Amino acid sequence: MMENNFFEKVYQVARQIPHGKVTTYGAIGQYLRSPKSARMVGWALNKSIQKNVPAHRVVNKQGLLTGKYHFDGVTLMEQLLENEGVAVKTIKFKRWKFTFGTLTKN
DNA sequence: CACATGACTGGAT
DNA sequence: AATCCAGCCATGT
């Protein structure tokens with residue numbers, strides 16, 4: 001039990017992402033006071049696949065689903081997002097034209 | 001300890 | 001816009 005605080009925090013933050021919204025690895029890193037640790041966030045999410053974490057709501061800053069290859073199928077991540085009302089196609093073409101998560105930094 | 005890798009990002013070319 | 005490079009840091013070999 002009890003992963004390192006860093007991973008645990010990543011999981012908790014990810015679980016705070018509202019249904020139908022997404023955020024970026026960097027945003028989570030900033031939230032954890034580690035803006036340069038975006039890669040570690042992705043690493044943590046990779047290990048969270050079998051946990052209760054909506055990892056599909058985390059995309060890279062370009063709005064690309066860079067983590068889709070870590071899901072059951074390469075289309076699962078996109079399907080999950082589309083199912084929540086997130087226009088993945090729009091994300092790809094209009095970087096910031098999508099609904100970002102409501103993560104706040106306090 | 002040295003080196004490589006990775007669900008990233010920002011800046012330079 | 002596309003590519004490259006450097007910084008970042010946990011893990012594995």
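These figures come from a predicted structure and were not determined experimentally. Order of the sequence lines sets the chain letters (A, B, ...), proteins ahead of strands, with each chain counted from 1.
Rounded to an integer number of Å, the gap from A/Trp43 CH2 to C/dT11 C1' is 5 Å. Atom CD in A/Glu8 sits roughly 16 Å away from atom P in C/dA10 (whole-Å rounding). Counting to the nearest Å, the C1' atom of B/dA7 and the CD1 atom of A/Ile28 are 10 Å from each other. To the nearest angstrom, P of C/dT11 lies 14 Å from CG of A/Leu45. The distance from atom CG of A/Asp72 to atom P of B/dA7 is 17 Å, rounded to the nearest whole Å. Distance, A/Met40 CE to C/dG7 C1': 12 Å, rounded to whole Å. At whole-Å resolution of the value, NZ in A/Lys47 and P in B/dA7 are 14 Å apart.
Partners of A/Arg57 according to the side chain to side chain contact (heavy atoms under 4.5 Å, CB included) rule, which considers only residues two or more places apart in sequence or in another chain, are A/Ile17, A/His19, A/Val22, A/Pro54, A/Leu81, A/Glu84.
For the atom pair CD of A/Glu8 and NZ of A/Lys51, the computed distance is 7.5 Å after rounding to the nearest 0.5 Å. The NE2 atom of A/His56 lies 12.5 Å from the CD atom of A/Glu78; values are rounded to the nearest 0.5 Å.
Counting Ile, Leu, Val, Met, Phe, Trp and Tyr side chains that sit under 4.5 Å apart, directly or through other members, A/Tyr69 shares a hydrophobic cluster with A/Val74.
Distance alone, capped at 3.5 Å, places no donor-acceptor pair between the A/Tyr31 side chain and the A/Lys9 backbone. In this structure, A/Thr24 contributes its side chain and A/Ala27 its backbone to a donor-acceptor pair below 3.5 Å.
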Mind listing the N/O atom pairs, protein and nucleotides 8-12 of chain B, below 3.5 Å?
unit_1	atom_1	unit_2	atom_2	d
B/dC8	N4	A/Arg39	NH1	3.2
B/dT9	OP1	A/Gly26	N	3.3
B/dT9	OP1	A/Lys61	N	3.4
B/dT9	OP2	A/Lys61	N	2.7
B/dG10	OP1	A/Lys61	NZ	2.8

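Heavy atoms of A/Ala55 sit under 4.0 angstrom from at least one base atom.
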